[in-house]
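Only one structure is covered here, and it is reproduced in the block below.
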Number of protein chains: 2
Amino acid sequence: MAAMWQCQEVTSASTAGAVRQGSLRELNLAVVLRRIAAADRPPSRAGIAADTGLTRATVSAVVDDLIAGRLVAEAEPEPRTGAGRPARGLVLASDGPAGLGLEVNVDYLAACVVDLTGTVRHHLVRRADLRPVSPADALARLAALAAEARAAAVRDGLTLAGAALAVPGLVGDGGLVRLAPNLGWRDVDVPALLAGHSLAEPVDGVPPLVVDNEANLAALGELYARPAGPRSFLHITGEIGIGAGIVLDGSLYRGARGWSGEIGHFPVQPQGRPCRCGGQGCLERYAGQEAILAAAGLPGAELPADTAATRLADLADAGDPATLAALADAGAALGVAVAGVVNLLDLDTVVLGGGYAPLAPWLRPPVVAEISRRVLTAAWAPVEVRPAVLGAQSAAVGGAGSVVRRIVDRPVGWLARSA
Amino acid sequence: MAAMWQCQEVTSASTAGAVRQGSLRELNLAVVLRRIAAADRPPSRAGIAADTGLTRATVSAVVDDLIAGRLVAEAEPEPRTGAGRPARGLVLASDGPAGLGLEVNVDYLAACVVDLTGTVRHHLVRRADLRPVSPADALARLAALAAEARAAAVRDGLTLAGAALAVPGLVGDGGLVRLAPNLGWRDVDVPALLAGHSLAEPVDGVPPLVVDNEANLAALGELYARPAGPRSFLHITGEIGIGAGIVLDGSLYRGARGWSGEIGHFPVQPQGRPCRCGGQGCLERYAGQEAILAAAGLPGAELPADTAATRLADLADAGDPATLAALADAGAALGVAVAGVVNLLDLDTVVLGGGYAPLAPWLRPPVVAEISRRVLTAAWAPVEVRPAVLGAQSAAVGGAGSVVRRIVDRPVGWLARSA
DNA sequence: CCATTTAATTCAACCGCTGAACAAATCGCG
DNA sequence: CGCGATTTGTTCAGCGGTTGAATTAAATGG
């Protein structure tokens with residue numbers, strides 16, 4: 001919430017959860033659509049009715065609305081299953097609304113388009129060192145890339161329903177980037193700088209952009225990418241800083257002010273190396289990219305952030321002893337922090353994302369070791385540690401996914417627009 | 001969820017959130033009742049209508065149902081405010097349903113009765129060392145105490161709507177206490193042992209008891225005790241072990257399996273003292289009651305758990321240097337852990353409860369110091385650290401509160417029963 | 001004492017779910 | 001090939017519960 005500026009306006013009946021007459025339909029549209037989205041096989045109207053407890057008549061009426069709004073389509077005849085009139089499978093429309101995901105990072109810009117089904121339809125990446133570039137220029141380049149992506153989406157018959165921008169930093173209310181240390185940004189008012197670009201122009205009164213932290217959106221990407229996956233997990237992105245996205249019960253936990261996930265300053269060695277945060281022995285100083293590179297004896301600091309990880313992976317693959325030792329140490333430090341978090345939150349899954357994804361083969365064993373040492377319940381309830389399925393650049397995909405996900409969760413907003 | 005056995009049966013319309021015709025009333029009953037509960041002044045029907053967006057007609061109908069069900073009462077004439085017909089204030093009934101909160105701990109049994117308004121109507125405590133007592137005997141004594149409390153409630157015209165039992169340990173599905181180290185309990189099947197006692201007899205088919213972790217219920221007690229307080233906070237109970245209840249967005253976070261809050265093994269000194277959990281340098285070894293007592297030079301281990309805290313407070317009050325040093329060290333260790341949690345979850349409040357409550361004057365400064373050193377966002381968003389308002393034994397009160405809270409959140413369950 | 005104001009209730013209208021009946025489409029069995 | 005069985009999807013009268021306006025209730029102020 002704190003990380004959003006101008007959320008889709010909250011319309012009727014949302015006042016304090018009161019249920020008015022029309023909310024009935026509003027809620028049931030969401031229930032039915034969610035079920036279609038979550039099913040692994042295209043469900044029938046009758047099946048949805050049986051599962052939800054609604055009447056077949058009601059489900060039919062609701063589905064008619066969803067089809068008219070281009071959110072749902074009927075699948076072609078299903079494989080026969082038995083006697084009786086064959087069911088017509090329902091699937092999410094792949095030519096309806098889509099989400100635009102954007103990312104500004106230290107050494108690349110990215111834009112991607114994800115449709116309702118969660119498929120990545122387009123993915124554009126521009127590599128460039130953005131540290132010397134002013135925020136205004138960086139955002140102008142991003143707007144150009146976004147326009148390109150939007151054109152590609154339109155060619156596919158898709159309608160962009162909104163956009164989400166991932167930045168590697170703390171985001172406050174109103175899309176204000178308070179601090180993005182690795183970009184050198186401080187108090188950058190993204191909406192203001194984008195004013196005038198097509199990105200920022202409301203379509204049908206719906207504000208087009210939300211700004212959020214990169215780690216948060218990457219965690220969401222991971223959540224959407226595995227609909228049958230765990231409902232609660234910790235997603236750690238190891239870049240220059242270390243960020244974590246916390247997904248609890250299937251939704252992102254943002255914290256009291258939207259600044260959750262600061263795991264980089266978890267104390268792994270309270271009397272240890274001083275950290276720029278003022279504390280001592282922070283995780284970042286032991287498992288951050290700079291620390292790993294230094295320990296591996298690489299000149300490091302000059303490398304682009306995302307090539308550093310692959311570089312380390314190559315060296316480790318080749319059996320370089322210094323690199324292997326550096327990764328083992330980093331993994332152990334990471335494991336201490338992860339174990340603390342798992343103890344506290346009772347999570348059953350930890351995802352290594354961002355720069356950690358390619359390094360997972362070497363980081364995972366020490367992390368698992370620390371967990372089994374330190375997590376009380378690990379003995380009778382194992383904790384899974386695995387690399388992110390989306391790998392790096394999952395933040396843009398996650399951002400785009402969060403846009404379409406909002407439509408699935410509250411289809412009335414889209415239906416009112418397109419009616 | 002994992003910590004509950006036999007939750008109130010989930011009736012109509014709860015299937016996957018589908019909203020059926022009758023759910024409309026069900027939901028609006030909850031909306032109106034919650035608003036009455038949350039208001040700081042008795043609201044009028046018209047005011048509720050304006051706030052929620054419902055019609056005055058609807059609110060009147062809903063309120064009629066709530067009054068008929070003894071959940072709401074009309075307050076006496078309000079102080080005049082202006083022209084027009086005076087409003088009739090609505091308040092939660094103080095003679096309707098009530099919750100029974102129970103607690104088994106190392107050196108006492110407790111039972112308390114809380115009415116809908118959150119007022120503690122009765123509170124019985126029996127001091128006794130329960131470590132040498134078998135679980136069956138302990139629960140039999142508890143059942144006797146509960147019967148006493150129930151009789152007192154009935155004399156007040158209250159109807160007990162359920163009970164919650166707090167135990168200092170891990171609770172699994174079905175009310176099974178997996179492990180309560182300080183009680184010496186392991187795999188104790190509470191419902192089975194209580195079978196036959198009046199506590200376990202369903203009333204009108206509603207199962208009467210839920211079993212939960214002490215730290216969780218204490219955190220809920222804190223939440224209910226301050227309706228206008230923070231929506232997210234960490235509640236730490238320092239007993240022999242150290243437990244934490246995590247309240248996020250106004251509801252308790254239990255974790256993937258119901259075992260969240262294990263902060264006692266947070267690594268404050270990863271290469272430090274070995275801990276019985278197998279790890280090293282766990283918080284418990286530095287800020288646990290035994291550790292503090294040992295550092296203060298007290299024979300300690302023999303003291304009952306809750307007198308140990310007051311004993312330490314007395315010594316600190318008297319200026320005993322060893323005690324003051326011990327508390328400073330414990331506070332620093334606690335601060336390291338708390339800072340890590342606050343960084344991760346972006347909480348704005350930390351509550352020192354249980355045995356830490358009386359020690360707060362001495363623990364708070366070092367905790368605050370570590371937070372301001374280590375929490376990045378502390379500079380522009382302060383973190384409040386304060387003692388629990390309920391002090392010790394808040395678990396029983398919190399448990400009783402959770403019973404009545406369930407009624408406020410879903411009044412239909414109660415109305416169906418009492419109709 | 002009456003106009004004004006705000007609170008609460010009453011009541012016909014209406015929205016959207018309900019349940020049953022019906023039509024559609026396929027399989028299985030003679 | 002035909003007919004019953006079976007399951008899906010639609011139609012429609014019925015109904016619960018909200019809606020909005022009109023009405024009554026109860027106070028203040030000039």
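Naming: A, B, ... by sequence-line order, numbering from 1 per chain.
Regarding contacts with the backbone of D/dG17, every side-chain N or O of B/Asn28 stays at 4.0 angstrom or more from both OP1 and OP2. Here B/Arg88 does not reach the OP1 or OP2 of C/dA7: none of its side-chain N or O atoms lies under 4.0 Å away. Note on A/Ser60: a side-chain N or O is less than 4.0 Å away from OP1 or OP2 of D/dT10.
Between B/Leu24 and A/Arg20, every side-chain heavy-atom pair lies at or beyond the 4.5 Å cut-off. When side chains are defined from C-beta on, A/Val62 does not count as touching A/Asp65, because their heavy atoms never get closer than 4.5 Å.
Across the protein-nucleic acid pair, B/Asp65 atom CG and D/dG16 atom C1' stand 13 Å apart, rounded to whole Å. Regarding B/Arg56, its CZ atom lies at a distance of 13 Å from the C1' atom of D/dA25, rounded to whole Å. Here the P atom of nucleotide D/dT10 and the CD1 atom of A/Ile67 are 8 Å apart, to the nearest Å. Atom P of nucleotide D/dT18 and atom CG of B/Asp64 are separated by 12 Å, given to the nearest angstrom.
Not a single donor-acceptor contact under 3.5 angstrom links the side-chain atoms of A/Arg25 to the base of C/dG16. No hydrogens or angles were tested; on distance alone, a donor-acceptor pair under 3.5 Å links the side chain of B/Arg85 to the base of C/dA7.
Base contact: A/Ala57 has a heavy atom under 4.0 Å from a base atom. Residue A/Ser44 is in sugar-phosphate contact alone, with no base atom involved, counting any heavy-atom pair closer than 4.0 Å across all strands shown. Within 4.0 Å of A/Arg45, counting heavy atoms only, lie sugar-phosphate atoms of the nucleic acid but no base atom.
Both B/Glu74 and A/Leu24 lie near DNA chain C, and the one whose nearest nucleotide falls closer to the 5' end is B/Glu74. Each of A/Ala61 and A/Gln21 lies near DNA chain D, and the nucleotide nearest A/Ala61 is the one positioned closer to the 5' end. Summary of the strand contacts: B/Gly47 and A/Val62 both lie near DNA chain C, and taking for each the nucleotide with the nearest heavy atom, the more 5' one is attributed to B/Gly47.
Taking the charged nitrogens against the carboxylate oxygens, B/Arg34 and B/Asp409 do have a contact shorter than 4.0 Å, which makes a salt bridge.
Distances from the side chain of B/Ala46 to the nucleotides C/dC17, D/dG20, C/dA7 place C/dA7 closest. The B/Leu54 side chain lies nearest to D/dT19 when the options are D/dA27, D/dT19, C/dT18. Checking C/dT18, C/dT9, D/dG9 against every side-chain atom of A/Thr58, the shortest atom distance belongs to C/dT18.
Partner B/Val32 forms a side-chain contact (heavy atoms from CB on, under 4.5 Å) with one of B/Leu54, B/Thr58, B/Leu90 and no other, that one being B/Leu54.
B/Arg231 and B/Ser251 are not linked by any side-chain donor-acceptor pair at a separation below 3.5 angstrom, with hydrogens and angles left out of the test.
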